[in-house]
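Worth knowing before you read on, the calculation uses all heavy atoms, side chains too, and leaves out hydrogens, waters and symmetry mates. Given the structure is predicted, the values throughout are model-derived calculations rather than measurements.
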Amino acid sequence: MTAASGLSEAELSVLVCLYESGGVLRQNAIAADLGWDRTRLSHQLTRMEKRDYVTRDKVANGVEVALRPEGRRTIEAAGPSLDASTRRHLLDRLGPDDAAALKAIVERLLSSDSSR
């Protein structure tokens, strides 16, 4: 996936996180979602700002990270490859019972996540 998109795994992770959130998140929320420490994320965001993928703004009690148009275009262009890669490396390897079990687990995780 990274070769097809020209993105590093870290860039892809941050862009997907932001894109799925609607394009704007607090920096500490991104760190928590990705399980990264603040220093790693800060360095990654600095590199991504230089590529014009994101912008950071200081706000009350933190930093807000937003997708820039180049970041949005990049992740949207990578979407079909990401979907195909997920299918090829995960879903196509599952039998019908496995796929049903995975779907149930994901739905349970998503419903419990939205209740936070």
Side-chain angles (χ1 to χ4, degrees):
M1 179 58 224
T2 57
S5 68
L7 296 166
S8 70
E9 185 177 332
E11 288 170 328
L12 184 61
S13 296
V14 172
L15 289 175
V16 167
C17 187
L18 281 167
Y19 187 78
E20 289 180 346
S21 75
V24 179
L25 273 176
R26 291 283 184 115
Q27 188 167 318
N28 62 348
I30 296 171
D33 286 350
L34 298 179
W36 292 3
D37 65 52
R38 293 182 318 202
T39 302
R40 177 183 183 193
L41 180 59
S42 180
H43 289 299
Q44 182 61 49
L45 291 173
T46 297
R47 290 188 293 274
M48 293 177 74
E49 282 179 309
K50 290 177 183 173
R51 293 187 73 179
D52 209 26
Y53 290 156
V54 299
T55 185
R56 285 186 281 187
D57 293 305
K58 290 185 182 194
V59 294
N61 300 319
V63 175
E64 192 171 77
V65 181
L67 271 178
R68 296 195 38 82
E70 182 62 23
R72 185 172 297 281
R73 278 191 297 275
T74 300
I75 194 61
E76 287 175 349
S81 294
L82 183 57
D83 290 345
S85 181
T86 300
R87 179 163 302 285
R88 184 174 57 254
H89 295 292
L90 177 67
L91 301 176
D92 289 350
R93 294 180 176 198
L94 300 177
D97 292 340
D98 296 331
L102 179 60
K103 181 180 179 198
I105 290 167
V106 169
E107 288 173 349
R108 189 170 354 147
L109 290 171
L110 290 174
S111 69
S112 67
D113 189 46
S114 64
S115 65
R116 281 198 269 169

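Between atom CD1 of residue Ile30 and atom OG of residue Ser42 there is a gap of 11.0 Å, rounded to the nearest 0.5 Å. Between the CZ atom in Arg47 and the OG atom in Ser8 there is a gap of 7.5 Å [rounded to 0.5 Å]. Interatomic distance, Glu76 CD to Leu67 CG, rounded to the nearest 0.5 Å: 9.0 Å. A distance of 10.0 Å separates CG in Leu102 from CD in Glu107, rounded to the nearest 0.5 Å. Going from atom CD of Glu11 over to atom CG of Leu45 covers 10.5 Å, rounded to the nearest 0.5 Å.
Annotation: side chain of Thr46 is in contact with side chain of Arg56 (closest heavy-atom distance under 4.5 Å). No side-chain heavy atom of Arg93 sits less than 4.5 Å from a side-chain heavy atom of Asp98. Side-chain atoms of Val63 and Asn28, non-hydrogen and from C-beta on, never get closer than 4.5 Å to each other. You'll find the side chain of Leu25 reaches within 4.5 Å of the side chain of Asp33, heavy atoms only. Annotation: side chain of Leu18 is not in contact with side chain of Tyr53 (no heavy-atom distance under 4.5 Å).
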inquiry  = Let's go through Val106 and Lys103 carefully: what are the C-alpha distance in whole Å and the side-chain angles of both, what is the deciding distance for side-chain contact (heavy atoms from CB on, under 4.5 Å) to 0.1 Å, and is it a yes or a no?
reply    = CA-CA 5 Å; Val106 169; Lys103 181 180 179 198; 5.9 Å; no
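Across all non-hydrogen atoms, the minimal contact from Gln44 to Ala10 is OE1-CB, 3.3 Å. In plain terms, the two heavy atoms of Ala31 and Leu41 that are nearest each other are N-CD2, 3.6 Å. Considering every non-hydrogen atom in both Gly23 and Arg72, the closest pair reads CA-NH2, 3.8 Å. Of all heavy-atom pairs between Leu34 and Cys17, the closest is CD2-CB, 4.4 Å. A pairwise comparison of heavy atoms in Glu49 and Val54 identifies CG-O, 3.5 Å as the closest pair.
No more than 12 heavy atoms of other residues, nucleotides or ligands lie within 6.0 Å of CG in Asn61, so this atom counts as exposed by the packing criterion.
Residues Glu70 and Arg51 are not paired through a salt bridge, judged by the lack of any N-O separation under 4.0 Å between the basic side chain and the carboxylate.
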